[in-house]
Amino acid sequence: MASNAWSEKILHLLRRMNNFYSAGSSRSSCCRFEIDGAQVGWIPPHVSALLTRHADVFLPSQEGAVSLCPSLDCYERRSEAVNEVLETFRTESSLKCLRGWRDEKYNVKPRFCDVPLMWMERAATSLFGVKRYGVHINGYTVSDSGEIHLWLARRSITKQTYPGLLDNMVAGGLAAGVGIKYTLIKECEEEACIPADITMKAHPVSTVSYTYEDEEGVFPESQFVFDLELPLDFMPCIGDGEVQEFYMLSIEKVKDLLATDDFKPNSAMVVLDFLIRHSFIEPDTEPYYQEFVMGLHQRL
């Protein structure tokens, strides 16, 4: 693929994954979601309208913000009350995202370093635009001559999201009450059968952060990125069925794939970050170098 065409496709990917910041997005019509006076998300208009039916949980919008009732004054009370509302929506409404209910709890908090204010079902987080975090691992090998190859996974066709698309070797969401390193080890073992003694050699190297919107809501997300150099004779194996196949590919092949629709979008961003950090993309030869870096590291 010609260099200019490749660069334009990557730029389009980054704009798509940060479209909540773009002119014409729904941001100006969203309500802030606040708990104890701190903003924890963005609520789209169609969701705000549904919340008015649950005045025992949500206060009416005031000055562009939706808050919880004062009686919901602790982590468990807030979590249980909001979850009851979501269970109602799940059975009564046509909210598409709730069809993928996972029974996974995600913490809700203003910043990652803050104390959680409540938990929320993972499938519902986009309805409130709350921040979601995950762990992504770049598995790679270095040959005796110094050539780097990346391991990629192809997602199972039964996955609820992005079925059949290319993905990072291992990735997983960060559930409530679970640490980053624990998630790293667990996902590597479950998805790719990588033993803990190898996984522990992974290095935390970056975060990739972005906010996009679609018909399901608002998605402010940040991925904790690890690089893991694997032994040349090691091959990841299919574990829990979330992956249908693993591939070890050259950097040039991976670059070509990034500019196609065959890649899960946020995982393509993680790979792009890898290519930049390992100097496979350089500012002297990539005209959009700064735009790439900025697009990978947006403030949530």
Side-chain angles (χ1 to χ4, degrees), residues 20 26 29-62 64-110 112 114-134 156 158-163 172-178 183 186-187 190 211-222 240-242 266 300:
F20 190 62
S26 70
S29 58
C30 287
C31 287
R32 301 185 307 279
F33 180 34
E34 296 184 352
I35 300 176
D36 276 352
Q39 184 177 358
V40 295
W42 293 97
I43 303 178
H46 71 285
V47 179
S48 297
L50 293 174
L51 299 182
T52 59
R53 295 161 30 197
H54 299 274
D56 56 330
V57 178
F58 297 95
L59 294 175
S61 174
Q62 294 184 333
V66 171
S67 303
L68 298 177
C69 291
S71 59
L72 304 175
D73 56 1
C74 70
Y75 180 93
E76 287 301 334
R77 286 197 187 102
R78 295 173 189 135
S79 304
E80 291 168 5
V82 171
N83 199 59
E84 286 184 13
V85 173
L86 294 175
E87 289 277 12
T88 301
F89 288 167
R90 185 184 177 190
T91 58
E92 294 180 357
S93 77
S94 59
L95 293 170
K96 182 180 176 182
C97 63
L98 297 185
R99 299 173 195 168
W101 195 278
R102 299 176 182 232
D103 286 319
E104 291 184 34
K105 299 176 180 179
Y106 273 25
N107 274 329
V108 177
K109 48 189 175 180
F112 184 77
D114 292 329
V115 174
L117 299 173
M118 61 173 287
W119 60 259
M120 183 178 290
E121 156 62 33
R122 175 178 179 173
T125 53
S126 62
L127 300 177
F128 293 82
V130 301
K131 298 172 184 176
R132 311 198 309 184
Y133 299 91
S156 167
T158 62
K159 289 284 288 182
Q160 292 180 358
T161 57
Y162 303 103
L174 201 58
V178 178
T183 300
K186 171 178 172 290
E187 295 293 340
E190 291 181 353
T211 304
Y212 69 94
E213 66 173 356
D214 61 22
E215 68 278 0
E216 295 188 9
V218 181
F219 296 80
E221 298 184 341
S222 186
D240 59 9
E242 296 196 2
N266 67 339
L300 296 186

Where [X] and [Y] come nearest, the two heavy atoms and their spacing:
X    : Y    : result
H54  : L50  : CD2-O, 3.8 Å
P110 : D114 : CB-OD2, 3.4 Å
L68  : R78  : CD1-CG, 3.8 Å
P220 : G129 : CG-O, 3.2 Å
A55  : C69  : O-SG, 3.3 Å
K109 : P116 : CB-CA, 4.0 Å

Would you say CD of Q62 has more than 12 non-hydrogen atoms from neighbouring residues, nucleotides or ligands within 6.0 angstrom?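 No, the 6.0 Å shell around CD holds no more than 12 heavy atoms from other groups.
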Heavy-atom side-chain contact between [X] and [Y] under 4.5 Å:
X    : Y    : value
I43  : F58  : no
W42  : R32  : yes
L86  : W101 : yes
V178 : K186 : no
L127 : F33  : no
C97  : T125 : no
Y106 : V130 : no

Is a donor on one side and an acceptor on the other found under 3.5 Å between the side chain of T52 and the backbone of S48?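 Here the side-chain-to-backbone pair does not exist.
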Does E242 offer a backbone N or O that forms a donor-acceptor pair with the side chain of D240 under 3.5 Å?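 It does hold such a pair.
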For E213 and S26, does a side-chain donor sit closer than 3.5 Å to a side-chain acceptor?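 Judged by distance alone, the side chains do pair up.
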Taking the six-membered ring for Trp, are Y212 and F219 parallel (under 30°), tilted (30 to 60°) or perpendicular (over 60°)?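 Rings of Y212 and F219: parallel, as their planes differ by under 30°.
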Tell me which one of Y75, W119, Y133 satisfies side chain to side chain donor-acceptor pair (under 3.5 Å) with N107.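 It is Y75; the other options fail the test.
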Does the side-chain contact (heavy atoms from CB on, under 4.5 Å) test come out yes or no for R102 and Q160, once each step is laid out? CA-CA 10 Å; R102 299 176 182 232; Q160 292 180 358; 3.3 Å; yes
